[in-house]
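In listed order, ligands and their atoms are each counted from 1. Both backbone and side-chain heavy atoms feed into the values below; hydrogens, waters and symmetry mates do not.
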Amino acid sequence: MNVFRMPVSVAVLGATLMITGAVAQPASAHPGPGPGPVPLRTLAAGTGVRVGTAVDMAALADDTTYRTTTAREFNSVTAENAMKWESVEPTRGTYDWRQADDLVRFARAHGQAVRGHTLVWHNQLPGWLTAGVADGSIGAQELRGILRDHITKEVKRYKGRIYQWDVVNEVFEDDGSLRDSIWLRELGPSYIEDAFRWAHAADPRAKLFLNDYNVEGVNAKSTAYYDLAKRLRAKKIPVQGFGIQGHLAIQYGFPGQVAENLARFEKLGMQTAFTEVDVRMILPVDDTKLATQAAYFRGLLDACVQARRCTSFTAWGFSDKYSWVPGVFDGQGAATLMDEGFARKPAFTALGEGLAAGA
Ligand code: G3I
């Protein structure tokens, strides 16, 4: 069962298509990889929304077109994998900050802000940690100290250079129950508030986010986050933002009540953000699918630009050449803003139009 399922909302989809005027155009109709009319980051000026991308550090190092496009089009970057626990502490007590440092350096050189991703997750944990918990050699008390030290060390290293941290990632199931993980099993639900306390102590200026997928509209999962955020903020826990990943698929329809969802978190005093947007499709690509994809990207962007405190809109990669989707969803792909040759797809154009309209 695909984890990133979307309820169908044809009315919203139809309205969105009307808004964007996403007319079917062959991807080839869009200019190649070179500079377009106006970079997305320039069009974003005046919207109050940073436009960003997740960054594949190997591509940044080895692919000139990828690197120049990343610098030209975006004013926010997120490490796709380089800041995850398995990357920064591959063996216990031995750290490898090279790729994360490279991204922070690249961002500083190109006037970009950095989103930190992610401090506490059930996935991409280092083998020494999962094995230690599994064989009982790491007990609950020691695990809590290890988590505290991990968060403190990583957040302090980039103190003042990361504007939003995804502190905890994907902690609820789609039905609103807490996700079973080593964190919940060993530490109980309090690991979530502990993570926010420790991150805030390490960098009081970073905005601290919850982050998940399938939470674009109002549903059991997003309501579980709303209730959690309300409860923790009442205890003065610094839960300051709600990150909506935005991994959509055109075969599941566009989510309903996106604006209402953003508004309720913002009424709690929180920021919101779209943190990992891509829109996959069942291959092969055709112009109708590309037009629908463009409407979905535009629909989420419009919700962000029109919200009061949606502060960043990040695509989860910008070229199909490096997308995670084909490796996970068999027979699906073409999920990003540019094709494998970095030609702009209608979705890229739709984002630019949405930013220009929002400005
Ligand atoms: O680093 C190893 C490399 O040494 C090895 O040779 C290679 C082949 O096995 O694997 C490499 O690790 C891969 C890693 O990405 C780094 O490239 C893993 O296999 C691969 O599973 C991992 O995929 C990442 C995925 O998270 C893991 O769940 C994707 O790139 C990344 O885009 C994706 O991002 C997540 C967000 O962090 C959270 N939200 C969902 C989103 C999509 O799953």
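Among pairs with a residue in residues 235-244, those fulfilling side-chain hydrogen bond (donor to acceptor under 3.5 Å, both in side chains) read Glu193-Lys235, at least two apart in sequence or across chains. Within the structure, the disulfide bond (SG atoms under 2.5 Å apart) test picks out the following pairs touching residues 266-359 (sequence neighbours left out): Cys304-Cys310.
Between Tyr213 and ligand 1 there is no heavy-atom distance shorter than 4.0 Å. Using a 4.0 Å cutoff on heavy atoms, Glu86 does not count as a contact of ligand 1.
Listed by number with element, the atoms of ligand 1 under 4.0 Å from a non-hydrogen atom of Gln245 are 39 (N), 40 (C). Close approach to His247 involves these atoms of ligand 1, each under 4.0 Å from a residue heavy atom: 40 (C), 41 (C). Set against the non-hydrogen atoms of Glu170, the atoms of ligand 1 under 4.0 Å away are 38 (C), 39 (N), 40 (C). Every atom of ligand 1 is numbered from 1 in the order shown, and the set under 4.0 Å from a heavy atom of Asn123 is 28 (O). Less than 4.0 angstrom separates some heavy atom of Glu276 from each of these atoms of ligand 1: 36 (C), 38 (C), 39 (N), 40 (C), 41 (C).
Residue contacts with ligand 1, taken as heavy atom pairs separated by less than 4.0 Å, involve Asn169 solely via side-chain atoms from C-beta onward. Using a 4.0 Å cut-off between heavy atoms, Trp121 contacts ligand 1 through its side chain alone, with no backbone atom that close.
Note: His150 and Trp85 have parallel aromatic rings, judged against thresholds of 30 and 60 degrees for the angle between ring planes.
Taking the centre and axis of the six-membered ring of Phe209, the NZ or CZ atom of Arg115 falls inside the cone set by 45° and 6.0 Å.
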Next item on the list: Could you check Phe318 against Phe348 for ring pair (Phe, Tyr, Trp, His ring centres under 6.0 Å), going step by step and ending with a plain yes or no?
Entry: CA-CA 9 Å; Phe318 59 85; Phe348 189 104; 8.6 Å; no
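Environment of CZ in Arg108: sparse, with no more than 12 heavy atoms of neighbouring residues, nucleotides or ligands closer than 6.0 Å.
Cluster membership check: Leu184 shares its hydrophobic cluster with Leu187, using side-chain heavy-atom separations under 4.5 Å among Ile, Leu, Val, Met, Phe, Trp and Tyr.
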